[in-house]
Amino acid sequence: MATSRIVALLAVVPLLPFVLILLLQLGLRALGWHLQANTKERKEAIVRRVEAERAAVTEHQRSQEAEDGWEKIEKSGTAENGHPVPDDWNGVVGFFHPFCNAGGGGERVLWAAIAATQRRWPNAICAVYTGDHDIERGAVVAAVRNRFDIALQEHSLVFLYLSRRNFVLASNYPYLTLLGQSLGSLVLAYDAFQLLVPDTFIDTMGYAFAVAFCKYLFPKVPTAAYVHYPTISTDMLESLDDTTGDRGIHSGAGKGLKGTGKRYYWHAFAKLYGFVGRQIDVVMCNSTWTQGHIRQLWKPKKASSSFATIIYPPCPVEELEKKIDLTPEGEKQRGNTVLYIAQFRPEKNHSLILRAFAKFYHATKDKPKLVLIGSVRSSTPDERHVYNLRLEARELKVQDATTFICDAPFSVILDHLRTSSIGTNGMYAEHFGIGNVEGLAAGLVPVVHNSGGPKLDIVVPFQGLPIGFLADTDDDYAAAYARVAAMSAQERLEMRLRGRASTKRFTEEAFARKWVAEMETLVGMQKSR
Ligand SMILES: *[C@@H]1O[C@H](CO)[C@@H](O)[C@H](O)[C@H]1NC(C)=O
Ligand SMILES: *[C@@H]1O[C@H](CO)[C@@H](O)[C@H](O)[C@H]1NC(C)=O
């Protein structure tokens, strides 16, 4: 009797992990249900408030129209310039963006995404979870318009203020930082759901753990992540075994006992990150580089080939198109000048460009020029770096043909974009390089490093024809500069026009179109659940 009981017990043991996982899942469900019940009233209050404001705005517009006649109808929320017809879905889209006031490229993506969502679903509510307590809606809408030229619909934008943002700061986790920050983001996500449970949840800052958490708490809420940068990359894992020492700060860190520990930790973390990523319904990446890594780490076994679509962040290319003419007259204003816009930092490899330019310069009688424009972070080694580059220009005997411009204002940059011929870039495996896109939009012929984003995303043939050149060594660069210089004015102008046309891929409009397509999936899932 006793033995049979033991045997029965032993038979259950292998099932224990499954039972535990099941219990955990049920526990999270229950927690989710509790959160949903607890925040229901707040959600209803927000919806009522937005509806009241919408009614007031509509009323105001109607009276304006009556005054102004029909010409000046406020366009927000109408089907203009090819945007899809608005839909009356009125769910709450939660954007998880704890640092939403940082003002950088990630913010441009957030606001462009919200603007696109609002145009397509004018009755939806876009709620931003932010840790910035000092921001106020009206001021944000105005700042976004000034800074990024993006028009937001104010009444349906809601800020929800997080109070536990410190849980995701790297400085809190001197050891096991990746894991610490990731678990910290669960606390922050919990903080968010305590404020409001959205109808669809989107992370725009790389908190994949928060998204997976949402999935387990609220299985009915569709989720998405827009990934700028993988939390751990396969490059990092490979660098542990590197012996050459030039694979970044972790080069060769996989040696010794400590190294073995680090290796186990990173590989385990990568597994966990992969598991987490696979819980997300819709995955978007900001570039081919990011997509490559995310596919490697997250790709579910039976994922479609479109898993992790690339949606390029909107770049301000339209502005440059307006300000710089690409015409035969404009062509006459351009000198035989190579322009490199990049921060003065070693990885940008200005030195390579100097050597390449010197080869080009000494092989021709045309007296070409090189202009290096970049920011210099004060009291950093950058200043020393610029000094060394000047010395190098002297040694290469191109100091008179080379101009260094530090921290130039936009007007100066614009002048050089208008009067230079070639836009160059010397960095190896740059992830993207928005400067290259701006150069193309301004009409520069790109001669860029044959790697990374410039190769994969930017300097790719347009309608089957080249828009620029890729180079590896200083000789390649020098040859490419010479080739551009040797083209006829007509040929060069055509290449400039093709390059500019190719930047349509990076406009806000292209971003909005792709964003809305992914959102359709989420809204469809939400409606059907
Ligand atoms: C994607 O995001 C990363 C991290 O912010 C950035 O380095 C990279 O330039 C971005 N790519 C694009 C296409 O903007
Ligand atoms: C600059 O480019 C040269 C030639 O490709 C390369 O050998 C060197 O390591 C690069 N320097 C940096 C700092 O990337």
Side-chain angles (χ1 to χ4, degrees), residues 97 99 102-110 112-113 148 203-208 225-233 235-236 242 244-249 251 283-294 308-317 340-359 381-382 384-385 388-389 392 396 424-438 440-441 447-460 470-478 480 502-503 505-508 510-511 514-515:
H97 200 93
F99 297 84
E107 281 56 55
R108 183 179 214 119
V109 167
L110 171 71
F148 299 126
D203 159 62
T204 42
M205 280 200 87
Y207 295 107
Y226 184 93
V227 189
H228 291 270
Y229 200 85
T231 303
I232 189 163
S233 67
D235 288 3
M236 268 167 86
D242 181 59
T244 59
D246 53 27
R247 296 289 293 268
I249 53 167
S251 255
V283 177
M284 300 163 266
C285 297
N286 80 345
S287 60
T288 308
W289 183 86
T290 308
Q291 184 196 46
H293 286 276
I294 286 298
T309 7
I310 297 176
I311 305 188
Y312 293 116
C315 304
V317 296
Y340 187 19
I341 304 181
Q343 290 177 320
F344 287 107
R345 294 161 75 162
E347 68 270 22
K348 299 289 180 184
N349 216 340
H350 286 84
S351 172
L352 169 64
I353 298 302
L354 278 173
R355 276 179 281 124
F357 176 74
K359 288 202 164 153
D382 292 2
R384 176 102 213 144
H385 186 55
N388 287 336
L389 289 172
E392 193 170 352
L396 293 164
T424 201
N425 151 51
M427 184 173 170
Y428 168 72
E430 182 159 34
H431 295 162
F432 187 68
I434 193 169
N436 297 306
V437 175
E438 288 170 341
L440 267 182
V447 176
V448 297
H449 201 277
N450 186 19
S451 65
K455 173 189 184 169
L456 297 171
D457 294 311
I458 303 174
V459 185
V460 293
L470 300 168
D472 284 295
T473 62
D474 48 7
D475 286 322
D476 295 346
Y477 277 95
S502 80
T503 62
R505 293 170 294 154
F506 306 110
T507 57
E508 206 188 310
F511 173 87
K514 293 185 117 185
W515 176 269

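All residue numbers refer to positions in the sequence shown, counting from 1. Start at 1 and go down the list; that is how both ligands and their atoms are numbered.
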K.L.:
I'd like to check whether S287 has a polar contact with ligand 1, where a contact means an N/O of the residue lying under 3.5 Å from an N/O of the ligand.
P.N.:
no
K.L.:
Taking distance alone, no hydrogens or angles, what donor-acceptor pairs closer than 3.5 Å link side-chain atoms of residues 447-454 to residues at least two apart or in another chain?
P.N.:
residue : atom : partner : partner atom : Å
H449    : ND1  : S451    : OG           : 2.8
N450    : ND2  : D472    : OD2          : 3.2
S451    : OG   : A429    : N            : 2.7

K.L.:
Any heavy-atom pair between the side chains of F432 and D457 that's under 4.5 Å?
P.N.:
yes
K.L.:
Pull out every atom of ligand 1 sitting under 4.0 Å from any heavy atom of F432, numbered as shown with elements.
P.N.:
9 (O), 11 (N), 12 (C), 13 (C), 14 (O)
K.L.:
Only counting residues at least two apart or in another chain, list the ones meeting side chain to side chain contact (heavy atoms under 4.5 Å, CB included) with L396.
P.N.:
L354, R355, A358, E392, V398
K.L.:
Identify, by atom number and element, the atoms of ligand 1 in contact range of P313, meaning under 4.0 Å from any of its heavy atoms.
P.N.:
12 (C), 13 (C), 14 (O)
K.L.:
Non-hydrogen atoms closer than 4.0 Å to ligand 2: which protein residues do they belong to? List them by chain and number, please.
P.N.:
P346, N349, L352, D472
K.L.:
Taking ring-ring contact (aromatic ring centres under 6.0 Å, His included) as the definition, give me every residue that meets it alongside H293, ordered by chain and number, with sequence neighbours left out.
P.N.:
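Partners of H293 by the ring-ring contact (aromatic ring centres under 6.0 Å, His included) criterion, ordered by chain and then number, come out as W289.
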K.L.:
Keeping T290 on the side-chain end and H228 on the backbone end, is there a donor-acceptor pair under 3.5 Å?
P.N.:
yes
K.L.:
Mind checking whether Y312 has an N or O less than 3.5 Å away from an N or O of ligand 1?
P.N.:
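No, since none of the N or O atoms of Y312 sits under 3.5 Å from an N or O of ligand 1.
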K.L.:
Answer yes when E508 and R108 have at least one side-chain N-carboxylate O distance shorter than 4.0 Å, and no when they do not.
P.N.:
no
K.L.:
Sub-3.5 Å donor-acceptor pair from the side chain of Y477 to the main-chain atoms of N425, do we have one?
P.N.:
yes
K.L.:
Under 3.5 Å, side chain of Y340 to main-chain N/O of K348, donor-acceptor pair present?
P.N.:
yes
